[in-house]
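Below you'll find the structure, written out as structure tokens, and then a few comments.
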Amino acid sequence: MANRPSSGSGPNQRQLRVGELIRRTLSDVLNRGEIHDPDLNRMSITVGEVRCSNDLKIATVHVMPLGGRNVDEAIAALSRNKWELRKAVSKQLTLKYAPDLRFRPDDTFDRLDETRRLFSDEQVQRDIAAQDGSDDDRPKDDRDEA
């Protein structure tokens with residue numbers, strides 16, 4: 001039973017490893033300008049993360065152009081050149097199938113900004129301070145006896 005898939009909801013080790021290999025390969029290909037598309041080659045695109053499906057047949061690539069501008073244009077250019085990018089990835093990977101690449105905007109920075117905004121909220125700061133001030137939920141008299 002050691003070969004059973006994990007019951008957790010997160011990605012397994014193989015999905016993470018393949019995703020990272022795809023991320024590095026795409027980053028290198030885009031950085032070297034190996035794709036013959038002038039629109040794509042004039043953009044500096046960061047490949048932030050690649051998430052693979054359970055069967056590794058679909059890879060969702062989270063990208064962001066430098067400066068965060070023209071995201072739709074970058075995704076359109078990547079989608080136009082999807083087959084050439086897929087071919088470059090398949091050369092580097094030793095998988096039975098080359099994964100289908102799907103490009104999405106990388107919202108990592110937006111989520112970080114939202115997290116910072118939430119942590120700077122006065123009510124959240126009060127709750128954190130109150131939680132840090134008490135080690136546990138027992139009344140003070142009970143803690144003195146323990």
Side-chain angles (χ1 to χ4, degrees), residues 1-139 143:
M1 298 227 180
N3 290 335
R4 279 187 15 200
S6 122
S7 61
S9 61
N12 61 37
Q13 193 64 35
R14 183 174 170 133
Q15 287 171 289
L16 293 171
R17 189 173 59 243
V18 170
E20 180 59 19
L21 288 171
I22 293 170
R23 188 193 70 75
R24 278 195 229 147
T25 302
L26 287 174
S27 292
D28 290 345
V29 166
L30 293 171
N31 192 32
R32 290 191 301 255
E34 293 178 11
I35 304 303
H36 304 292
D37 183 341
D39 292 336
L40 187 61
N41 289 332
R42 71 176 165 75
M43 293 183 220
S44 180
I45 298 175
T46 300
V47 181
E49 180 183 13
V50 177
R51 294 181 188 161
C52 294
S53 63
N54 290 338
D55 60 2
L56 303 177
K57 289 187 179 182
I58 298 172
T60 304
V61 183
H62 297 271
V63 297
M64 183 60 66
L66 188 65
R69 296 188 187 107
N70 305 325
V71 177
D72 294 334
E73 183 182 328
I75 289 178
L78 289 165
S79 296
R80 251 193 336 266
N81 295 286
K82 175 164 72 169
W83 298 111
E84 203 171 341
L85 290 165
R86 185 178 182 190
K87 184 177 175 183
V89 166
S90 69
K91 281 183 185 178
Q92 295 294 318
L93 301 177
T94 55
L95 295 173
K96 188 173 184 177
Y97 302 100
D100 181 34
L101 302 175
R102 298 181 181 176
F103 299 98
R104 304 286 183 265
D106 189 358
D107 64 349
T108 304
F109 296 112
D110 294 338
R111 286 183 288 161
L112 284 172
D113 289 342
E114 178 63 13
T115 302
R116 283 189 194 110
R117 187 192 67 73
L118 287 172
F119 275 121
S120 66
D121 183 70
E122 284 182 38
Q123 186 173 356
V124 173
Q125 288 293 324
R126 264 195 324 269
D127 291 346
I128 291 172
Q131 190 175 21
D132 287 345
S134 64
D135 292 336
D136 60 335
D137 294 334
R138 292 183 294 170
R143 282 184 283 177

For the student: nearest non-hydrogen atoms of V18 and C52, plus distance: CG1-SG, 3.9 Å

Validation row: L101, L26 side chains within 4.5 angstrom (heavy atoms): yes

Donor-acceptor pair, side chain of R86 and main chain of P99, under 3.5 angstrom: yes

Test log, rule salt bridge (charged side-chain N to carboxylate O under 4.0 Å, His left out), inputs E20 and R17: CA-CA 5 Å; E20 180 59 19; R17 189 173 59 243; over 6 Å; no

Over 12 foreign heavy atoms within 6.0 Å of CZ, R14: no

D106 side chain vs V47 backbone, donor-acceptor pair below 3.5 Å: no

Any donor-acceptor N/O pair, S90 side chain to K87 backbone, under 3.5 Å: yes

Over 12 foreign heavy atoms within 6.0 Å of NZ, K82: yes

Check: E84 and D37 side chains under 4.5 Å, non-hydrogen atoms: no

Heavy-atom donor-acceptor pair, Q15 side chain to L56 backbone, under 3.5 Å: no

Nearest-0.5 Å distance, CG of residue L95 to CG of residue L21: 8.5 Å

Full working for side-chain contact (heavy atoms from CB on, under 4.5 Å) between V71 and M64: CA-CA 6 Å; V71 177; M64 183 60 66; 3.6 Å; yes

Polar side-chain atom of S53 near backbone of I58 as donor-acceptor pair, under 3.5 Å: yes

side-chain hydrogen bond (donor to acceptor under 3.5 Å, both in side chains) pairs, two or more places apart, involving residues 60-74: R42-E73

Taking every non-hydrogen atom, the tightest pair across M43 and A77: CE-CB, 4.1 Å

Any L40 side-chain heavy atom under 4.5 Å of I45 side chain: yes

Spatial distance of atom CG (D107) from atom CD (E49) [nearest 0.5 Å]: 9.0 Å

Taking every non-hydrogen atom, the tightest pair across I75 and F103: CG2-O, 3.8 Å

Value rounded to 0.5 Å, distance of OG1 in T94 from CD in Q92: 10.5 Å

Test item: H36 and N81 side chains (from C-beta on) under 4.5 Å apart, heavy atoms: no

Intermediate values then yes/no, side-chain contact (heavy atoms from CB on, under 4.5 Å), D39 and R80: CA-CA 10 Å; D39 292 336; R80 251 193 336 266; 3.6 Å; yes

Side-chain heavy-atom pair L30, L85 within 4.5 angstrom cut-off: yes

